[in-house]
Amino acid sequence: MSVRSNRIVRQTLTIARRDFVATVFTPTFLLFLLSPIIMLSFGLVGAGGATSMATNAADKAQIVAIVAPERQAAMRATDARLRKLFGRSDQPPVLTFETPGTTPATQARAVFAGAGPDTTAALYGDLAAPTILYGAQGRGDSRYLAELSEGTLRAAASGARPLSAATFTPIARERASSGGHSQAAFFSVFGIFFLSLLLSGQAVGTMAEERNNKVIEILAAAVPLEAVFFGKLLGMFGSAVLFVGFWGTLASQLTAILPASMAGGLGEIGPAIGLPLFVPLFFAYFAMAYMLLGAVFLGVGAQATTPRELQMLSLPITIVQVLMFSLALRAAGGADNWVTRFAEIFPFSSPFAMAAHAANFPHVWPHLLALAWQALWVGIAITIGARAFRRGVLQSGSGSWFKRRVATVGEALSGTPTP
Amino acid sequence: MTNAFAIHATGLVKNFGGKRVVDGVDVAVPRGAIYGVLGPNGAGKTTTLRMLLGIIEPDGGHRTLLGHTHPRDASDRVGYLPEERGLYPGMRARDAIAFMGALRGLDLKAGRKRAVTLMEGAGLGHAADTRIRKLSKGMAQFVQLLGSVVHQPELLVLDEPFSGLDPVNQERLETLILAERDRGATIVMSTHVMAHAERLCDRLTIIAGGRHRFEGTVAEARGLLPMRAHYVPDRDEPGLAAYLPDGAVHQRDGWHFPVPDGGVEAALRRLIDGGHGIAGLSIERPGLHDAFVRIVGASALDATQEISA
């Protein structure tokens, strides 16, 4: 390496080190590090609330069978058998029996208007051809009552003793399932999006800090602005690596901590390309996404002169970022269509989509191409971002390159200098 | 030829937003000198210094810095104190100094050691571990100045170094500048306070309205104006002005007039012959301030205001 390159590398690392230390050794970094827990807590509280509401609603609902007392025991037994097919959260409402009166049809209608639990569906008449009424939320429950009638009659026809006695043996898969690949793809896209969003925001924050402190001229005097720019990105990236390392280590140990049934489920989630290749690829794509977005954020952020302007400018970028995320999520499904191809090729969604590709497909070569393509765009973004940064921060522009060329041509044609 | 100069620039031009803020400025800073860049506010001093250092690129002209046509190639040998002071408020003073040294190629560990030595030398040793946000403005400014010299640069560029400093810190700064010169460094400083330039600068350039107006020594600048005589009569009498050379002005402390080409003898003879006594007479060389006003002129000051507006 030449003396100049050595110097630039050294200066870049000096700035990166300063930014890394200034970011990591602060109480706010702890908040940043723990932000997934905070998000998870919010999610759990929200989910808990939703579950509680759903449970309460289920507790307050019932399905009613208006059948003769001699049928009720058989029907209760069939209900108990059929309920095993449903998960805990998908259980039909409690089955309640009523003995038919003189007009079961009127009786069935009356249970919908009665006090107590809400009736979602009610059955009356002969089980071979029952009539089932259902309310606005009871369509599924009405089908369940029909199945219950069928099951009760079948049980009566074949005898009470079960005809089949199955043995259940849980099997842990040795390889991730196709669904697990898709889930890994989703987590990859979400992880990269989440991290790059947080870090790009921080990069803009440091930009505001530089402007407020007026340190930028000292940096610009000593170091090429491209190196300042790259150093800042690198500093932020270092803190991101710390973040990913911390949570990655925790996640890798999660299967050891969790109960066997849950750990088995997690074991099915995995990338198609294999974990040893996926981890470096995830880092590489995260680096690309971060560098691309960080360059845009820093370049645009440098144009703002007040924190308010900074926020205003950040908003459209964040919206674009969310669009890229949505596009990449489409690709995470693993479908082979033009949306996926577009997401994989378009520079700003490519890192997300290709991380999902690594989770869905085992081929290695597309990643070599994608990384080269993304590196090219990172170079372009950093060059343009650094120029915008120079113009915004030092107010040192004297018209665009295009304007200057036009002025030069104008001078040449007219023979007089353009003012 | 350029090797004799730490900085050599000719015809520097810079436009901002269609306005020419620097228009053909020449600068030649001899190695080992203290060189002043003088000019009124908005004259283009900071822009000129930024171009010389390669912080911004000129739109025209040529420059070499420590023999390099690309100023950045010499950046490790240069120290710079910008006009707008800036430090990271969360850093400790010695770390801030070491960081600035590290940007210019000094090892961080060595920088921290040197920072403490420099701070002790400047009487600020007690603040070495204090965070910048807790320092007074003057102390923080001094810390930044130390940061610009910690790597012992060959060339030190100071943009308005005295602004915002109290008299004690101004004297400290003058001592530091002279010490740097004695170490062998070349110093370029911009200022619009003539007293500092007069005391410190070996040579200076005067810029006004983005244009180069003068280049030479302080004595040469002052030499542009004639010597002035200060005559104190033994008693104030009407009609005294008739005995004095053209341009004589009466002030509270006596009469002031430019020394004529032939000296003051003829005027003195006329006064004595006219029966006027002499309580005091002195010949004074005009100060840099007068020379500056003469060189810059009212029209340039107007142009300057127009540019900065």
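In this text the structure is predicted, and so the values were computed from the model without any measurement.
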| Does CZ in A:Arg10 sit with more than 12 non-hydrogen atoms of other residues, nucleotides or ligands closer than 6.0 Å? |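 Yes, because the 6.0 Å sphere around CZ of A:Arg10 holds more than 12 heavy atoms from other groups.
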
| B:Arg211 CZ: over 12 foreign heavy atoms closer than 6.0 Å |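 No.
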
| said: Given heavy-atom pairs under 4.5 angstrom as the criterion, report whether the side chain, backbone, both or neither of B:Tyr80 touches chain A. | reply: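 The side chain, not the backbone.
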
Closest heavy-atom pair and its distance - [X], [Y]:
| X | Y | answer |
| --- | --- | --- |
| B:Pro82 | A:Glu217 | CB-CD, 3.7 Å |
| A:Ala222 | B:Ser75 | O-OG, 3.5 Å |
| B:Gly86 | A:Val215 | C-CG2, 3.7 Å |

| field | Residue pair B:Leu103, A:Ile15: steps toward the side chain to side chain contact (heavy atoms under 4.5 Å, CB included) verdict | value | CA-CA 8 Å; B:Leu103 289 175; A:Ile15 290 169; 3.8 Å; yes

| field | Option that, when pairs with chain A are counted at under 4.5 Å, heavy atom only, ranks first among B:Pro89, B:Ser148, B:Gly90, B:Gly54 | value |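 Going by pairs under 4.5 Å, I would pick B:Pro89.
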
| said: Counting heavy-atom pairs closer than 4.5 Å to chain A, which one of B:Asp76, B:Leu81, B:Leu53 comes out on top? | reply: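 Most heavy-atom pairs within the cutoff with chain A belong to B:Asp76.
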
| said: Under the criterion side chain to side chain contact (heavy atoms under 4.5 Å, CB included), I'd like the reasoning laid out for B:Arg85 against A:Ile218: C-alpha separation, chi angles, the key distance, then a yes or no. | reply: CA-CA 9 Å; B:Arg85 314 287 189 254; A:Ile218 294 179; over 6 Å; no

| message | Applying salt bridge (charged side-chain N to carboxylate O under 4.0 Å, His left out) to A:Arg18 and B:Asp95, what does each step give before you reach the verdict? | response | CA-CA 10 Å; A:Arg18 202 295 310 180; B:Asp95 291 335; over 6 Å; no

| field | Backbone of B:Arg72 reached by a side-chain donor or acceptor of A:Arg7 within 3.5 Å | value |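 Checking the backbone N and O of B:Arg72 against the side chain of A:Arg7, a donor-acceptor pair under 3.5 Å is found.
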
